[in-house]
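Scroll down for the structure; my scribbles are underneath it.
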Amino acid sequence: MNGESGKIKILIIRFSSLGDIVLTSPVIRCLKQQLNAEIHFLTKRGFKSILASNPYLDKLWTIDHKVSEVVNELKQERFTHIIDLHKNFRSRQVKWLFPKARKLTYCKGTWTKLKRIYLKTIPPKVHVVSRYLEPLSQLGVQNDQKGLDFFIPDLTQIDWESLNLKPNHYIGFVIGAAHFTKRLPFGKILEICDKMERPIVLLGGKDEKDIGDQVMKLSKQKVINLAGHLSLMQSARIVENALGVIAHDTGFMHIAAALKKPLISIWGSTDPDLGFWPYFGEPSPAVNFRSQVEDLSCRPCSKFGRAACPKGHFNCMNLQDVENIIEKVELFG
C-alpha cells in the first residue's frame with residue numbers, strides 16, 4: 001500500500017467546522033509521531049487558518065465549494081491512505097478518486113444522537129476524539145492522551161497597552177455561538193459580568209459586536225468588548241493569555257481546551273455527553289466545569305442548536321445558575 005518511496009502518505013478529510021477541525025488535531029499528531037507518515041489535510045478554504053501553522057501537517061488542501069476544484073492535483077499525490085473524518089457525499093467523492101488507497105472512516109454515531117434527542121436515552125460517554133481515533137487502531141496508532149492542539153502563528157500579537165490589559169489578569173468570555181439556543185440571553189451575560197471581580201474580555205464574531213457593546217456600556221465592572229474586532233487567531237491569543245475562559249458550546253470552547261485553559265463551558269439545547277465536551281487529555285486544568293440545567297425533560301432538543309426554543313420557555317439557558325458559574329470563576333486564580 002505504500003507509495004513509490006515506501007512512505008505512508010495519508011490524506012485526512014474534514015471540511016468543517018471550526019470546533020470539529022480543532023478536534024481532529026490528535027489524529028494529525030498521532031499519525032505523524034507514531035507512523036512518521038506524510039500527512040495532508042483537505043478542508044474548506046474558510047478554515048485554512050486553523051491548520052496553516054500545524055507543524056505535523058505536510059500539506060494543506062482547500063476547496064471553496066466542490067471537490068472538483070482540486071481533483072486533478074489530488075490525483076497526482078497517490079495517497080496510500082484516506083482517512084475520512086467527515087463522512088458525507090463530498091468526502092466519499094474524494095475516496096472514489098483513490099481506488100487503491102486504504103480507506104478508514106470514523107463512526108458518526110448518528111443513531112445514538114437521534115435516540116438521545118427524541119427518545120431521551122442515555123448515550124455511552126464516548127468523545128468524538130475517540131471516535132476519530134478508533135479506526136486508526138488498524139494502523140497500530142493509539143491515543144497519546146495529550147489532548148488537542150491549536151497553533152497560533154508567532155506573528156499574531158496583541159497590543160496589550162492600547163487595550164489597557166495585562167496578560168493573565170482577565171477572564172475571557174466567549175459570548176458567541178452559531179445557534180440561538182446555544183447562547184445565554186443578554187441578561188444572563190450581563191449578570192455574569194456584573195458579578196466578576198476581574199476584568200472581562202468579551203470575544204465573538206461580528207454578530208456579537210452589538211451585544212458586546214451593550215454589555216460593556218451597561219456593566220458595573222470593567223468589560224472590554226473585542227467581539228467583531230479581532231481575527232480568529234487574535235481572539236485565540238486573547239484566550240491563550242486569559243486566567244480562564246467562559247464559553248458556550250462553540251468552536252472557541254475547543255480552542256480554549258486545546259490551549260489548556262481553565263474553562264467553564266455553558267450548555268443549553270445541546271448535550272456534552274454526546275461526545276463534544278471539552279477535551280483536555282492529560283494533564284487537565286484545575287477548573288473544567290460544565291454549566292447546564294439538569295433534569296429538563298426537553299433537553300437536549302438538537303444535535304447542533306436551534307434558531308429558537310421549540311417550547312418557548314428557553315429554560316435550558318434562562319435557568320442557568322449564575323452564582324455557581326461565578327464560584328467556579330473564582331477558582332481560576
Side-chain angles (χ1 to χ4, degrees), residues 17-23 25 50 127-129 147-148 150 152 168 170-186 188-193 195-196 198-205 207-209 211-212 215 223-230 232-280 284-293 304-305 316-317 320-322 324-333:
S17 54
L18 172 58
D20 297 292
I21 293 171
V22 174
L23 290 166
S25 58
I50 304 170
H127 201 280
V128 68
V129 169
L148 309 177
F150 192 82
I152 307 171
N168 299 307
Y170 62 86
I171 307 299
F173 191 171
V174 182
I175 60 174
H179 301 280
F180 172 84
T181 57
K182 294 169 77 172
R183 300 191 297 266
L184 283 167
F186 176 84
K188 286 286 185 180
I189 294 173
L190 181 60
E191 186 181 358
I192 290 171
C193 290
K195 293 183 177 181
M196 293 269 207
R198 298 271 188 177
I200 306 110
V201 177
L202 304 180
L203 296 168
D207 291 342
E208 288 75 50
K209 181 181 181 300
I211 294 172
V215 173
V223 175
I224 297 173
N225 179 35
L226 296 182
H229 294 281
L230 302 178
L232 185 148
M233 287 300 169
Q234 287 174 319
S235 295
R237 188 69 82 191
I238 293 290
V239 166
E240 181 185 46
N241 286 278
L243 269 173
V245 176
I246 304 170
H248 299 124
D249 170 21
T250 187
F252 260 88
M253 177 190 73
H254 298 300
I255 289 175
L259 295 171
K260 300 294 190 288
K261 303 307 297 185
L263 178 62
I264 297 169
S265 55
I266 299 175
W267 298 82
S269 64
T270 55
D271 182 2
D273 287 342
L274 284 173
F276 292 92
W277 64 84
Y279 187 85
F280 285 100
S284 62
V287 180
N288 176 18
F289 174 67
R290 292 184 247 169
S291 179
Q292 56 189 338
V293 180
F304 307 114
C316 62
M317 283 302 192
Q320 288 279 339
D321 189 341
V322 169
N324 200 18
I325 291 170
I326 297 302
E327 286 179 11
K328 299 300 187 294
V329 168
E330 292 173 355
L331 300 176
F332 285 169

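As the structure is a computational prediction, the values presented were derived from the model and not from experiment.
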Hits for ring pair (Phe, Tyr, Trp, His ring centres under 6.0 Å) against F304, two or more places apart or cross-chain, chain-then-number order -> none
The criterion is salt bridge (Lys or Arg N to Asp or Glu O under 4.0 Å); which residues satisfy it with E191, sequence neighbours excluded?
K195
Measure from the side-chain N and O atoms of E208 to the backbone N and O of G205, and report whether any donor-acceptor pair falls under 3.5 Å.
yes
Could you tell me which non-hydrogen atom of Q234 sits nearest to which non-hydrogen atom of H229, and how far apart they are?
OE1-O, 4.5 Å
Do M196 and V329 have side chains that approach each other closer than 4.5 Å (heavy atoms only, starting at C-beta)?
yes
Not counting sequence neighbours, which residues clear side chain to side chain donor-acceptor pair (under 3.5 Å) with S269? List them please.
T181
Which pair of non-hydrogen atoms, one from I238 and one from Y170, has the smallest distance, and what is that distance?
O-OH, 2.6 Å
Interatomic distance, W277 atom CH2 to T270 atom OG1 [nearest 0.5 angstrom]:
13.5 Å
Under the side chain to side chain contact (heavy atoms under 4.5 Å, CB included) test, which residues partner E327, sequence neighbours left out?
N324
Please table the atom pairs, donor to acceptor, closer than 3.5 Å between any side-chain atom in residues 256-268 and protein atoms at least two apart or in another chain.
| from | atom 1 | to | atom 2 | distance (Å) |
| --- | --- | --- | --- | --- |
| K260 | NZ | K146 | O | 3.3 |
| K260 | NZ | F280 | O | 3.4 |
| K261 | NZ | E240 | O | 2.9 |
| K261 | NZ | A242 | O | 2.8 |
| S265 | OG | W267 | NE1 | 2.9 |

List in chain and number order the residues that pass ring pair (Phe, Tyr, Trp, His ring centres under 6.0 Å) with Y279, two or more places apart in sequence or in another chain; answer none if no residue qualifies.
H127
Could you tell me which residues satisfy salt bridge (Lys or Arg N to Asp or Glu O under 4.0 Å) with K328, sequence neighbours excluded, listed by chain and number?
none
Might you point out which heavy atoms bring C316 and V293 nearest each other, and give the distance in Å?
O-CG2, 3.5 Å
How long is the straight-line distance from CD1 of I50 back to CD1 of I21, given to the nearest 0.5 Å?
4.5 Å
Any idea which heavy atoms bring V215 and C193 closest together, and the distance?
CG1-SG, 3.8 Å
Closest contact, heavy atoms only, I189 versus F173:
CG2-CE1, 3.9 Å
According to salt bridge (Lys or Arg N to Asp or Glu O under 4.0 Å), who are the partners of K209, at least two apart in sequence or on a separate chain?
D213
Quick note, salt bridge (Lys or Arg N to Asp or Glu O under 4.0 Å) partners involving residues 171-185, not counting sequence neighbours, are K182-D249
For G333, is there any backbone N or O sitting under 3.5 Å from a side-chain donor or acceptor partner on R198?
yes
Using the ring pair (Phe, Tyr, Trp, His ring centres under 6.0 Å) criterion, which residues pair with H179? Sequence neighbours excluded.
none
Partners of D20 by side chain to side chain donor-acceptor pair (under 3.5 Å), sequence neighbours excluded?
S17
Quick one: pull up CG in L18 and CZ in F252 and give me the separation to the nearest 0.5 Å.
6.5 Å
Find the distance between CG (L203) and CD1 (I246) and round it off to the nearest 0.5 Å.
11.0 Å
Among residues at least two apart in sequence or on other chains, which ones pass salt bridge (Lys or Arg N to Asp or Glu O under 4.0 Å) with D273?
K125, R290
Can you tell me how far the CG atom of L184 sits from the CD1 atom of I325, to the nearest 0.5 Å?
6.0 Å
Could you tell me whether the side chain of H254 and the main chain of L23 form a donor-acceptor pair under 3.5 Å?
no
Could you tell me whether a side-chain N or O of N241 sits under 3.5 Å from a main-chain N or O of R237, the two making a donor and an acceptor?
yes
Measuring only between side-chain heavy atoms, which start at C-beta, is V245 closer than 4.5 Å to V174?
yes
From CD1 (I175) to CD1 (I192), nearest 0.5 Å:
11.0 Å
Between I255 and L148, is a side-chain contact (heavy atoms from CB on, under 4.5 Å) present by the stated rule, with each step listed?
CA-CA 8 Å; I255 289 175; L148 309 177; over 6 Å; no
Can you name the closest pair of heavy atoms from F150 and A236 and give their distance?
CE2-CB, 3.6 Å
